[in-house]
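These notes are about the structure you will find just below.
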2 protein chains.
Amino acid sequence: MKRPTIADIAQRAGVSKGAVSYALNGQRGVSEATRRRILAIAEEIGWNPHSAARALSGAAADTIGLALRRPARVLGFEPFYMELISGVEAELSGRSYALMLQIVADASAEVEVYRRWWGERRVDGVLICDLRVGDPRIPVVTDLRLPAVVVGGPEGVGDVPHVWNDDAAALVETVEYLAALGHRRIARVAGLPDLWHTRVRAGAFQGACARLGVRHALTIGTDYSGEEGARATRRLLSGEARPTAVIYDNDVMAIAGLGVAQEMGLSVPGDLSIVAFDDSPLCRLVHPALTALARDIPAYGALAARQLLAAVAGQSVGSVQDATAKLVPRASTARPVSST
Amino acid sequence: MKRPTIADIAQRAGVSKGAVSYALNGQRGVSEATRRRILAIAEEIGWNPHSAARALSGAAADTIGLALRRPARVLGFEPFYMELISGVEAELSGRSYALMLQIVADASAEVEVYRRWWGERRVDGVLICDLRVGDPRIPVVTDLRLPAVVVGGPEGVGDVPHVWNDDAAALVETVEYLAALGHRRIARVAGLPDLWHTRVRAGAFQGACARLGVRHALTIGTDYSGEEGARATRRLLSGEARPTAVIYDNDVMAIAGLGVAQEMGLSVPGDLSIVAFDDSPLCRLVHPALTALARDIPAYGALAARQLLAAVAGQSVGSVQDATAKLVPRASTARPVSST
DNA sequence: CTGAAAGCGCTTACAG
DNA sequence: CTGAAAGCGCTTACAG
């Protein structure tokens with residue numbers, strides 16, 4: 001059976017293809033009665049618009065693109081992305097927009113994918129995650145005039161619209177809380193150092209520690225994987241002037257850190273307080289439950305998608321700030337047993 | 001600046017559009033010299049094929065579709081999907097195929113998405129995950145003649161090609177191992193009951209327990225979320241005839257179960273042995289590290305993608321079995337302290 | 001309100 | 001080896 005086209009509908013309805021097109025798209029130019037008849041026929045014969053034909057006639061692709069650049073082993077169990085994607089999807093599917101996803105290995109592949117998608121008119125716009133310092137995607141989308149929204153910022157985004165939240169404020173709140181509990185040796189197990197938000201968090205951490213008299217404020221960089229989170233924790237807990245509190249840049253590393261503390265016979269929170277940046281159900285399910293900086297990540301993704309759709313529609317969207325992560329104290333943080 | 005088309009290339013090269021098309025697609029019909037000249041011009045002016053135009057001329061969409069139906073809160077932190085997707089991607093991107101992703105709320109939306117994608121010619125084929133008993137997607141892809149590969153089976157797939165692995169064998173191996181350690185009260189915290197693989201695992205579990213003299217072999221169904229895994233574990237550990245070992249249908253629930261045991265003051269593995277179906281880095285990072293049934297999920301996804309691409313190319317692909325999950329014993333399983 | 005026609009950017013027989 | 005042309009399924013001015 002051949003796929004039905006508007007020509008088939010036109011024939012059945014005894015009108016021109018043009019009339020069918022108007023009827024189907026809710027344009028004026030056909031009478032109400034004709035429109036209803038055409039719609040009924042389209043429904044009956046199971047007609048669907050051929051997306052390529054529409055696109056070729058200048059219509060939008062009704063698709064947005066997302067390229068993710070992280071090693072599969074990290075992506076696999078970073079809840080962040082799937083949560084972000086589910087929020088993006090929630091916004092898109094209501095408007096029958098599709099999501100094109102590609103996982104890439106390096107920066108050049110990432111840029112290449114965006115360039116190709118746009119060249120092939122496969123997407124109407126793209127989302128940019130994991131903004132890096134000197135990120136090559138910013139000049140590329142600017143040059144191509146490819147509608148884009150950065151999930152991140154506000155620094156390093158050039159003139160590209162973006163949605164961001166104030167990681168610095170969240171980190172300051174955390175350090176203040178730990179300092180108030182009496183911690184004077186606080187470490188940070190950070191994510192990839194060339195990401196903007198890692199840099200922002202680092203600055204906020206150092207600043208707050210200096211201001212609050214936290215003498216030992218060590219940061220160890222990782223690739224966000226649980227393995228490196230565990231290794232960093234072992235290093236921290238094996239050195240002298242062991243920290244009494246550690247802030248992790250994601251939940252997976254925080255859980256790995258908890259595992260290391262338990263393996264080394266340290267009690268949490270007695271000997272070590274733990275805070276996770278980003279709260280996932282896992283943080284509540286381990287024992288003790290982890291104090292975490294909670295954001296509504298699906299909502300963040302949905303906001304980004306809305307902004308991108310607006311940008312695609314030609315609106316100027318600029319910079320939008322999403323809610324700051326909230327500190328949710330749980331059982332993994334307490335006064336240090338022996339304040340120094 | 002207008003987007004370059006083959007007409008621009010033809011003009012510059014002083015040949016016809018047809019010749020350009022042949023040259024660009026590696027077809028015969030142009031001399032080597034002309035081909036090289038055309039390729040050079042295309043490169044120089046930054047030409048990209050307009051995917052819609054190609055698709056309209058009967059070419060493939062070079063895209064495969066995947067609709068995922070699970071609540072966002074589960075998707076978010078089930079490593080399985082992201083790992084599967086990264087494996088699929090690895091196979092696709094080498095051949096410049098794109099992945100269309102949509103997260104849907106229910107079965108009808110899922111079928112609707114596949115129907116629409118196919119009607120709109122947006123995808124050349126689809127992957128079907130999370131096969132359910134009486135899954136409506138099977139008759140739909142069959143009717144539409146939409147190339148499809150089920151990630152699952154071999155039961156309940158009708159005539160649709162599929163890749164599967166032998167969950168039953170993996171579960172039997174696990175029960176035998178636990179029984180050999182001396183466990184006689186083994187429980188199972190299962191995933192969604194209407195999934196085929198849940199049913200297969202359930203049958204294997206009951207069969208193995210009966211055969212091996214495991215008197216208490218209780219199964220509790222969940223939605224795969226950590227919350228429900230924790231709740232099920234509390235129920236199991238609060239009842240009389242408490243199990244001495246629990247097998248969880250995913251790693252997230254296993255970690256939640258470990259948390260509950262610790263919260264209730266039970267030692268793992270002394271009072272309770274824990275096994276996770278599917279191994280993620282998290283299983284190694286918690287303390288004690290969890291015994292797990294490990295599969296190479298990216299490889300599984302890559303295999304599924306390869307089969308789908310073959311099906312799209314018109315080959316008959318049938319049923320392919322992937323490697324059976326391997327039991328990786330770690331610190332969370334041991335002889336029960338007091339054998340009954 | 002409706003019809004006939006051009007055009008989007010490719011591919012592909014069909015002639016030369 | 002190359003050119004001219006039709007066609008894929010839509011949309012959209014342009015006439016009536």
Side-chain angles (χ1 to χ4, degrees), chain A residues 1-39 41-42 45-63 96 116-124, chain B residues 1-39 41-42 45-63 96 116-124:
Chain A
M1 58 177 182
K2 215 180 124 295
R3 183 176 181 291
T5 72
I6 57 166
D8 300 320
I9 300 177
Q11 195 193 335
R12 289 222 194 189
V15 300
S16 71
K17 292 194 317 180
V20 173
S21 178
Y22 291 137
L24 258 14
N25 292 304
Q27 307 262 20
R28 23 172 300 171
V30 284
S31 67
E32 248 331 293
T34 312
R35 183 189 305 279
R36 265 200 295 276
R37 193 151 47 87
I38 288 172
L39 256 23
I41 293 172
I45 67 178
W47 177 85
N48 277 296
H50 192 306
S51 59
R54 279 207 164 147
L56 194 52
S57 300
D62 288 348
T63 303
S96 348
R116 186 164 52 80
W117 278 349
W118 181 237
E120 297 180 355
R121 291 293 186 274
R122 280 181 182 270
V123 301
D124 301 321
Chain B
M1 61 180 182
K2 214 179 125 297
R3 179 176 185 293
T5 70
I6 56 166
D8 301 320
I9 300 176
Q11 196 194 336
R12 290 223 193 189
V15 299
S16 70
K17 293 194 316 182
V20 173
S21 177
Y22 291 137
L24 259 13
N25 293 304
Q27 307 262 22
R28 23 173 301 172
V30 284
S31 67
E32 246 334 289
T34 311
R35 182 190 306 279
R36 265 201 296 275
R37 192 151 47 85
I38 287 172
L39 256 22
I41 293 173
I45 66 179
W47 176 84
N48 277 299
H50 192 308
S51 59
R54 278 206 164 150
L56 194 52
S57 300
D62 288 348
T63 302
S96 337
R116 187 164 53 78
W117 278 349
W118 180 237
E120 296 180 357
R121 291 293 185 276
R122 279 180 181 271
V123 301
D124 302 322

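In what follows, chains carry the letters A, B, and so on, assigned in the order in which the sequence lines appear, proteins first and then strands, with residues in each chain numbered from 1. The figures here come from the full heavy-atom set of this structure, side chains too, leaving out hydrogens, waters and symmetry mates.
The backbone N or O of B:S31 lies less than 3.5 Å from no partner atom in the side chain of B:R36, so there is not a single donor-acceptor pair.
Looking only at side-chain heavy atoms (C-beta outward), B:R12 and B:I45 come within less than 4.5 Å of each other.
Among the duplex regions that DNA chain C forms, those built from at least three successive Watson-Crick or G-U pairs under 3.5 Å are C:1-3 with D:14-16, C:5-12 with D:5-12, C:14-16 with D:1-3, ordered by first number.
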Write down the protein N/O and nucleotide N/O pairs, taken from nucleotides 12-14 of chain C, whose separation is under 3.5 Å; answer none if there are no such pairs.
from: C:dA13; atom 1: N7; to: B:Y22; atom 2: OH; distance (Å): 3.2
from: C:dA13; atom 1: N6; to: B:Y22; atom 2: OH; distance (Å): 3.0

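Contact annotation: A:S16 side-chain N/O to C:dG3 OP1/OP2 distance is under 4.0 Å. Considering only side-chain N and O atoms, B:T34 lies under 4.0 angstrom from the phosphate OP1 or OP2 of D:dT2. For D:dG9, neither phosphate oxygen OP1 nor OP2 lies less than 4.0 angstrom from any side-chain nitrogen or oxygen of A:R54.
Distance CD1 (B:I6) to P (C:dT11): 6 Å, rounded to an integer number of Å. Straight-line distance from the NE2 atom of B:H50 to the P atom of D:dG9: 17 Å, rounded to whole Å.
In this structure, A:S57 has no side chain to side chain donor-acceptor pair (under 3.5 Å) partners at least two apart in sequence or on a different chain.
To the nearest 0.5 angstrom, B:W117 atom CH2 is 12.5 Å from B:D124 atom CG. Between A:L24 atom CG and A:K17 atom NZ the span is 13.0 Å, to the nearest 0.5 Å.
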